[in-house]
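Report on the structure given below.
Positions are given from 1, in the same order as the sequence printed here. The basis for the numbers below is simple: all heavy atoms, side chains too, and nothing from hydrogens, waters or symmetry mates.
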Amino acid sequence: MDGKQVWKAGNMLYPVPAVMVSCAGRDGRKDIVTIAWTGTVCSDPVMVSISVRPERYSYGLIRETGEFVINLTTRELTYATDWCGVKSGRDVDKFAAMELTALPAETLEHAPIIAESPLSLECRVSDVLELGSHHMFLAEVTTVQVSERYMNENGKFELNGTGLVSYSHGEYFELGRRIGKFGYSVKKRR
C-alpha cells in the first residue's frame with residue numbers, strides 16, 4: 001500500500017461538472033459564467049446550488065433578478081465553456097462572441113437558456129449563503145429543457161450520449177465508458 005502525504009486544506013473534490021450558467025439583468029443584458037462548483041441539493045423540492053465570486057459580473061445579475069439557468073456542456077461546447085470562464089461579461093457579449101443562441105426560458109422572466117446545450121435547468125434563487133470567497137446560490141429548479149436531438153425512439157432522453165464534460169484539477173474531460181449503474185452491486189445474478 002502506498003503512503004499518503006498530508007496537505008493543507010483545499011478544494012480537491014474532483015471531478016465536477018463544467019457548466020455554463022446563463023443569466024440576465026433587468027435591463028436585458030445577458031451573460032454566461034462558467035461554473036464548476038455546482039451540485040444537487042435536494043430532490044423534493046428539486047434544488048441545486050452554484051457558488052459564484054461576488055466580484056464576477058454575473059453575480060450581480062443573479063442577485064438582481066434571482067434567476068439563472070444551468071446549461072450542461074459537451075465536447076462541442078468545451079471551447080466556449082472555457083472562454084466564458086476567463087472573459088468578463090462587463091467587457092464582452094459572450095453569446096455573440098461564442099456564437100451561442102440565447103432562447104427564452106419557460107418559467108423565468110430574465111435568464112435565457114443556451115440553445116446549444118443538451119440540457120438546461122431553469123432556476124429561481126431561494127437563498128444566498130455568503131460563505132467567504134464564494135457566495136452559494138441555493139435555487140429551486142422550476143423546469144428542465146432537453147434537446148430533442150438526444151431523444152431515442154422510445155422517448156427516453158439519452159443524456160449519457162451527449163458527450164458531457166467534467167472539470168478535474170484544471171483540465172476538461174469528456175465522460176467515458178460506463179462501468180456500472182445504480183444498484184448493480186446488489187443486483188441478484190441469474
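Between Q145 and P104, the closest heavy-atom pair is NE2-O, 3.9 Å. Residue L72 comes nearest to L77 through the heavy atom pair O-CD1, 4.1 Å, listed as atom of the first residue, atom of the second, then distance. Shortest non-hydrogen contact noted between T142 and C123 is OG1-N, 4.2 Å. Across all non-hydrogen atoms, the minimal contact from A102 to P112 is CB-CB, 3.9 Å. For the pair P45 and E140, the tightest heavy-atom approach, listed with the atom from each and the gap, is CB-OE2, 3.8 Å. Taking all atoms of both residues into account, the shortest heavy-atom contact from N152 to E158 is ND2-OE2, 2.7 Å.
To the nearest 0.5 angstrom, M98 atom CE is 5.0 Å from Y79 atom OH. The CG atom of L100 lies 10.0 Å from the OG atom of S117; values are rounded to the nearest 0.5 Å. Note that CZ of R56 is 10.0 Å distant from SG of C23, once rounded to the nearest 0.5 Å. Atom CD1 in I70 sits 7.5 Å away from atom OG in S49 (nearest 0.5 Å). Atom CG in D91 sits 10.0 Å away from atom OH in Y57 (nearest 0.5 Å). In this structure, K30 NZ and H110 NE2 are separated by 13.0 Å, a value rounded to the nearest 0.5 Å.
Residue L131 qualifies as enclosed at atom CG: its count of foreign heavy atoms under 6.0 Å is above 12. The number of heavy-atom neighbours closer than 6.0 Å to CG of N154, taken from other residues, nucleotides and ligands shown, is above 12. Remark: E109 CD is loosely packed, at most 12 non-hydrogen atoms of other residues, nucleotides or ligands lying under 6.0 Å away. Residue-environment remark: CD (E99) stays at or below the threshold of 12 foreign heavy atoms within 6.0 Å.
With sequence neighbours excluded, no residue forms a side-chain hydrogen bond (donor to acceptor under 3.5 Å, both in side chains) with S88.
Between H134 and W37, the ring-plane angle classifies as tilted under the 30° and 60° cut-offs. A perpendicular orientation is assigned to the rings of F157 and Y150, their planes being inclined by more than 60° (bins at 30° and 60°).
The shortest distance between side-chain heavy atoms of V19 and N71 does not fall below 4.5 Å. A 4.5 Å side-chain heavy-atom check between V92 and K94 finds at least one atom pair inside the cut-off. Residues I50 and V48 are not in side-chain contact: their nearest non-hydrogen atoms beyond the backbone lie 4.5 Å or more apart.
Although no hydrogens or angles enter the test, the distance criterion places no donor-acceptor pair under 3.5 Å between the side chain of S147 and the main chain of P118. Side-chain N or O atoms of D127 include none that pairs as donor or acceptor with a backbone N or O of L138 at under 3.5 Å. A donor-acceptor contact shorter than 3.5 Å links the side chain of R29 to the backbone of G89.
When hydrophobic clusters are built by joining Ile, Leu, Val, Met, Phe, Trp and Tyr residues whose side-chain heavy atoms come closer than 4.5 Å, directly or via intermediates, V16 is not grouped with V41. In the hydrophobic clustering of this structure, L121 groups with V125; members are Ile, Leu, Val, Met, Phe, Trp, Tyr whose side-chain heavy atoms approach within less than 4.5 Å, directly or through other members. A single hydrophobic cluster is not seen to contain both L103 and L119; linkage of ILVMFWY side chains at heavy-atom distances under 4.5 Å, directly or through other members, places them apart. Residues Y59 and F68 are members of one and the same hydrophobic cluster, defined by side-chain heavy-atom contacts under 4.5 angstrom among Ile, Leu, Val, Met, Phe, Trp and Tyr. Tracing side-chain contacts under 4.5 Å through hydrophobic residues (I, L, V, M, F, W, Y), one never reaches I62 starting from M136; they form parts of separate clusters.
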Audit row: M47, V141, side chain to side chain contact (heavy atoms under 4.5 Å, CB included) steps and yes/no:
CA-CA 6 Å; M47 295 187 74; V141 177; over 6 Å; no
Decide side chain to side chain contact (heavy atoms under 4.5 Å, CB included) for V69 and V21; before the verdict, give the C-alpha distance in whole Å, the side-chain angles of both, and the deciding distance to 0.1 Å.
CA-CA 5 Å; V69 178; V21 172; over 6 Å; no
Where do D31 and S22 land on the side chain to side chain donor-acceptor pair (under 3.5 Å) test, with the steps shown first?
CA-CA 6 Å; D31 192 32; S22 50; over 6 Å; no
Would L61 and R26 satisfy side chain to side chain contact (heavy atoms under 4.5 Å, CB included), going step by step from the backbone distance to the final call?
CA-CA 8 Å; L61 300 178; R26 293 193 199 292; over 6 Å; no
Pair V52-I35, side chain to side chain contact (heavy atoms under 4.5 Å, CB included): steps then yes or no
CA-CA 8 Å; V52 184; I35 300 285; 3.8 Å; yes
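Looking at T65 and E67, their side chains never bring a donor and an acceptor atom within 3.5 Å of each other. Under 3.5 Å, the side chains of E122 and T107 contain a donor-acceptor pair of N or O atoms.
A salt bridge links E174 with R75: the closest approach of a Lys/Arg side-chain nitrogen to an acidic carboxylate oxygen falls below 4.0 angstrom. The pair R53-E130 does not count as a salt bridge, with every side-chain nitrogen at least 4.0 angstrom from each carboxylate oxygen.
Ring centroid separation for the pair Y167 and F173 does not come in under the 6.0 Å cut-off.
Just one residue in the list T73, D82, T81 forms a side-chain hydrogen bond (donor to acceptor under 3.5 Å, both in side chains) with Y172, and that residue is D82.
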